[in-house]
Amino acid sequence: MIFRQLFEPISSTYTYLLGCEDTGQAVLIDPVIVCIERDLEEVRRLGLKLAYTVDTHIHADHITAALELKRMAGSKIAAPAFDRLPCTDVDIEEEKPLQVGNLTLQGLHTPGHTDGHFAYLLGDRLFTGDALLIEGCGRTDFQNGNADALYQSVREKLFTLPDETLVYPAHDYKDRFVSSIAQEKKRNPRLGGDKTLEDFKAIMANLNLPYPKFIDYAVPGNRQCGVCPADLPESLDQYCHQMTESPQG
Ligand SMILES: [Fe+2]
C-alpha cells in the first residue's frame, strides 16, 4: 500500500492518502479545502487515481475538500450514512466496507465527538478521526457530542483492537504523528489506564474550551460536502482560500 500523512497547519488537520499498488486507486481521508492543490499533486506524483474521498465526520474546524475534489479529479464522495448528507456518492456503514482497489477500509461507528462519527480501519492502521487523538480526544460539547458515548466508543470499540494497531488521528497540535492502541491504553490521560466513565465525564465537563471560531461556517459548509460560505468574514479568509503553491513557483 502507498501511504502518506499530510498536514494542514491552520486547523492542524491530518489528511491521509492511501493508494492501492495493484490498481493505482487511491482515497483521501479527511482532505481539507485549502490543501487541494498540494494533495492532488501528491496523488499525481505517485501515479495514482483519486477514486474516493472519505470523511470521518462533519468537521467544525475546516471545510472538507470532498466536493471540490469530485469536480477536479472525479473522485466519489464517501461519508457516514448516519449524517444523511444529500451530496454523497457512497454512504458508509459498518456492514459496508469501502473498497478502494484491493484496499478494504472498514468503518467503525464511534459516536461521542459527533453522533455520526466513523473511524476507519485498514489492516493494522486505524484512522481515528477526532474520537481518539494522541493522548487526547475530540471535544464532546457540540454536534450532538456525548461524553458517555465517546467513552464507550473508545474503551469498548477502539481499545479492543490489537495493541499493535497504529493510531493515526485527524489532528495533532504538538507535532506528533502516530500512536498505537497499546500506547493510548496506557498513556491517554482522559481515556487510558483505569479512567472510569465518571472520571472522563468530569474531565470533559471541565475543559473550559472557547467557542470554536469557524464552527458556524464549517458545519453548514460540510453538510454540503465542502462549500465555502459566501458570507465568510475576512478574518476567516484563510479557512477557504487555498494555500499558495510553492514547489515550481
Ligand atoms: Fe471534529
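Atoms within each ligand, like the ligands themselves, are counted from 1 in listed order.
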Hydrophobic cluster partners of Ile134 (side-chain heavy atoms under 4.5 Å)
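Ile134 shares its hydrophobic cluster with no other residue.
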Could you check whether the rings of His171 and His62 sit parallel, tilted or perpendicular, using 30° and 60° as the cut-offs?
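Taking His62 first and then His171, their aromatic rings stand perpendicular (interplane angle over 60°).
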With sequence neighbours left out, write down each residue that passes disulfide (SG to SG under 2.5 Å) with Cys240, or none if nothing qualifies.
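Cys240 satisfies disulfide (SG to SG under 2.5 Å) with Cys228 only.
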Mind checking what makes disulfide (SG to SG under 2.5 Å) contact with Cys225, not counting sequence neighbours?
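With neighbours one apart ignored, the set is Cys87.
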Side chain to side chain, Leu17 and Ile2, heavy atoms closer than 4.5 Å
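They are not in contact (no side-chain heavy atoms under 4.5 Å apart), so the answer is no.
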Taking the side chain as every heavy atom from C-beta outward, state whether Asp115 and Gln143 have any pair of such atoms under 4.5 Å apart.
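Side chain of Asp115 against side chain of Gln143, heavy atoms only: no contact under 4.5 Å found.
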Sub-2.8 Å protein N, O or S atoms surrounding the Fe ion (ligand 1)
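The answer is His57 NE2, His113 NE2, Asp130 OD2.
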